[in-house]
Protein chains: 2
Amino acid sequence: MRNACSVTPQSLRERKKLRTRREIRDAAYRLFAEQGFEATRIDRIAAEANVSTSTFFRYFPTKEDLVLSEDTPARPLSVELAARPVDEPVLTAVRHAIHACVVSAEREPGALERARQRMELIASVPSVRDRLPEAMARPGEDLAESLAARIGRPVDSLETRVLVGAVLGAFREALLHWAGVEPEADARALTDRTIDTLARHLSA
Amino acid sequence: MRNACSVTPQSLRERKKLRTRREIRDAAYRLFAEQGFEATRIDRIAAEANVSTSTFFRYFPTKEDLVLSEDTPARPLSVELAARPVDEPVLTAVRHAIHACVVSAEREPGALERARQRMELIASVPSVRDRLPEAMARPGEDLAESLAARIGRPVDSLETRVLVGAVLGAFREALLHWAGVEPEADARALTDRTIDTLARHLSA
DNA sequence: TTGCCAAATGATAGTGACTCCCAGAAGAGC
DNA sequence: GCTCTTCTGGGAGTCACTATCATTTGGCAA
């Protein structure tokens, strides 16, 4: 509340909460790997993480949130997008923003491949995949503000919403495609193909 | 099975099934209007429609399907789209196809406004709204085939999926926007604004 | 009309995610 | 040390949804 900048939270309570959250998620992923997402019951996850099922639901409102509550790529995207000049065309800005996201993700080794594996899980479980748009919706608000400023329209205007919908929709499909691809695939090349497709076929 | 063209199905069984389906849905919408979607329990709907809850689930796999299983505007869209010349640019084809959908919907008086009210319900209930992309996904397959042919790429290619995602994403936002608008609003004008936005801001 | 088969229905007993509530434990501040 | 707040565990309950089986009902031919 008062100091959100510190890397490690100060109070013992905060540290314990973070630890519990991590333990629950780790336990869940361990069980998912063994028996799959749907076959893993929540009380089993709670037991594996040494908490009660009540506590589980205090940390994760739904089972799907175990997977979806991690940072969605759409959030860093909107951050990078805000850093681009406002007079840049939308697609150019998006292209460079995504490239910047990839670069920043590559700084931590293995992070990109871990993100891809998570997308693989998301793509393979229907109930999770169906909630992907919802998960992208909140970071999508940042995207909306950024795009609204860029096209000079209110955030809630049809124009802004449509543009956000199109970008997120394209982005979502690109991510799902990324999930079904070999680990070595170049994320930058995929990005360029995505943007180029939009640019080529969605113009007057 | 053998004669899918007849307007009224021949056998008594088929007619009864259709009638039961309609009765369940009517009962549901009646109760939704009284007490809202979430507050209406399925056994109550079944009782109101004079069937057992078992039978309810034989007709509608989920509660949300009561609302979502009706024809989505995206289906006629893909049909109209198939009627457009293949060498037409994507956005031009989509624009004319949607116009054609609106025109065909207007033939039956009140149909358009009823569709808008249904969107209002969809937009207002989170669990239903979240499943809208999923509901658009099946007609989206038709859209994918149509667009794939148009851009000369396989249906499962990144290019096709991205394009479908963008169009459906934009379309979805436009529909949700439509839900929050006065009944007199011109659907054609909304369509044009949507397409124009894509054309203006998503080009190289 | 009769009788047989297939399909549709209803009743019942589950399952599992998720909620509510309350009593007790544990960290924070004095 | 003593309060005050926050976090936790346990238990009872809700509700969408599934599985099974006996009964009914429409379809069809003898």
Side-chain angles (χ1 to χ4, degrees), chain A residues 1-3 6 8-25 27-28 31-32 35-69 125-131 134-135, chain B residues 1-3 6 8-25 27-28 31-32 35-69 125-131 134-135:
Chain A
M1 195 63 99
R2 54 187 189 208
N3 184 7
S6 61
T8 317
Q10 57 294 21
S11 98
L12 173 56
R13 251 192 202 148
E14 298 288 318
R15 265 178 289 142
K16 266 194 136 176
K17 268 209 288 189
L18 236 50
R19 184 167 145 273
T20 304
R21 192 179 173 83
R22 240 180 47 97
E23 278 176 352
I24 294 175
R25 212 192 311 254
L31 293 173
F32 292 165
Q35 30 181 317
F37 181 89
E38 341 221 35
T40 305
R41 293 191 326 189
I42 287 186
D43 51 7
R44 189 72 190 72
I45 298 176
E48 180 87 8
N50 298 308
V51 294
S52 66
T53 62
S54 317
T55 299
F56 174 93
F57 284 109
R58 286 192 187 97
Y59 282 86
F60 299 94
T62 73
K63 194 177 171 185
E64 285 78 22
D65 282 306
L66 277 169
V67 182
L68 290 172
S69 71
V125 181
S127 69
V128 180
R129 189 183 54 230
D130 291 343
R131 283 196 43 199
E134 182 191 351
Chain B
M1 195 63 101
R2 55 187 189 207
N3 184 6
S6 61
T8 316
Q10 57 293 22
S11 100
L12 172 57
R13 249 189 203 152
E14 297 288 318
R15 264 179 288 141
K16 267 194 135 178
K17 268 209 289 188
L18 237 49
R19 184 167 145 270
T20 304
R21 193 179 172 81
R22 241 180 45 97
E23 279 177 348
I24 293 176
R25 212 193 310 256
L31 293 174
F32 292 165
Q35 30 179 318
F37 181 89
E38 342 221 36
T40 305
R41 293 192 324 190
I42 287 186
D43 52 7
R44 187 75 190 71
I45 299 176
E48 180 87 8
N50 297 308
V51 294
S52 66
T53 63
S54 316
T55 299
F56 174 92
F57 283 110
R58 288 194 185 96
Y59 281 85
F60 299 94
T62 74
K63 195 177 171 185
E64 285 77 22
D65 281 307
L66 277 170
V67 182
L68 290 172
S69 71
V125 180
S127 69
V128 180
R129 189 184 53 231
D130 291 344
R131 283 196 43 200
E134 182 191 350

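A quick note: this is a predicted structure, and the numbers were derived from the prediction, not measured. In the text below, chain A, chain B and the rest are named by the order of the sequence lines, each starting its count at 1.
Regarding contacts with the backbone of D/dT8, every side-chain N or O of A/Thr55 stays at 4.0 angstrom or more from both OP1 and OP2. Regarding contacts with the backbone of C/dT9, a side-chain N or O of B/Tyr59 is found under 4.0 angstrom from either OP1 or OP2.
For B/Thr20, the listed nucleotide lying nearest its side chain is C/dT9; candidates were C/dA28, C/dT9, D/dC7.
Contact detail for B/Ile45 and B/Ala28: the closest heavy-atom pair is CG2-CB, 3.8 Å.
The interatomic distance linking A/Lys17 (NZ) with D/dC7 (P) rounds to 4 Å, in whole Å. To the nearest angstrom, C1' of D/dT6 lies 16 Å from CZ of A/Arg15. As a whole-Å value, the separation of A/Arg13 CZ from C/dA28 P is 6 Å. One interatomic measurement links the two molecules: CG of A/Asp65 to P of C/dA17, which rounds to 14 Å at whole-angstrom precision. In this structure, B/Asn50 places its CG atom 13 Å from P of C/dT9, rounding to the nearest Å. Rounded to whole angstrom, the span from the CZ atom of B/Arg21 across to the P atom of C/dA8 amounts to 13 Å. Rounded to an integer number of Å, the gap from A/Lys16 NZ to D/dC7 P is 12 Å. Remark: C1' of D/dC7 and CG of A/Leu18 are 15 Å apart, rounded to the nearest angstrom.
For A/Phe56, the ring-ring contact (aromatic ring centres under 6.0 Å, His included) test picks out A/Phe60, with sequence neighbours left out. Legend: residues meeting side-chain contact (heavy atoms from CB on, under 4.5 Å) with B/Lys17, ordered by chain and number and at least two apart, are B/Glu14, B/Tyr59. Residues forming a ring-ring contact (aromatic ring centres under 6.0 Å, His included) with B/Phe32 (at least two apart in sequence, or on another chain): B/Phe37. Partners of B/Arg131 under the salt bridge (Lys or Arg N to Asp or Glu O under 4.0 Å) rule, at least two apart in sequence or in another chain, are B/Glu64, B/Asp65, B/Glu134.
Contacts classified as salt bridge (charged side-chain N to carboxylate O under 4.0 Å, His left out) and involving residues 40-55 of chain B (residues at least two apart or in different chains) are given here: B/Arg30-B/Glu48, B/Arg41-B/Asp43, B/Arg44-B/Glu48.
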Summary of protein contacts for nucleotides 10-18 of chain D, nucleotide by nucleotide, where a base hit scores B, a sugar-phosphate-only hit scores S (4.0 Å, heavy atoms): BB---SSBB
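The only option from A/Arg25, A/Arg21, A/Arg19 that meets the salt bridge (Lys or Arg N to Asp or Glu O under 4.0 Å) definition with A/Glu23 turns out to be A/Arg19.
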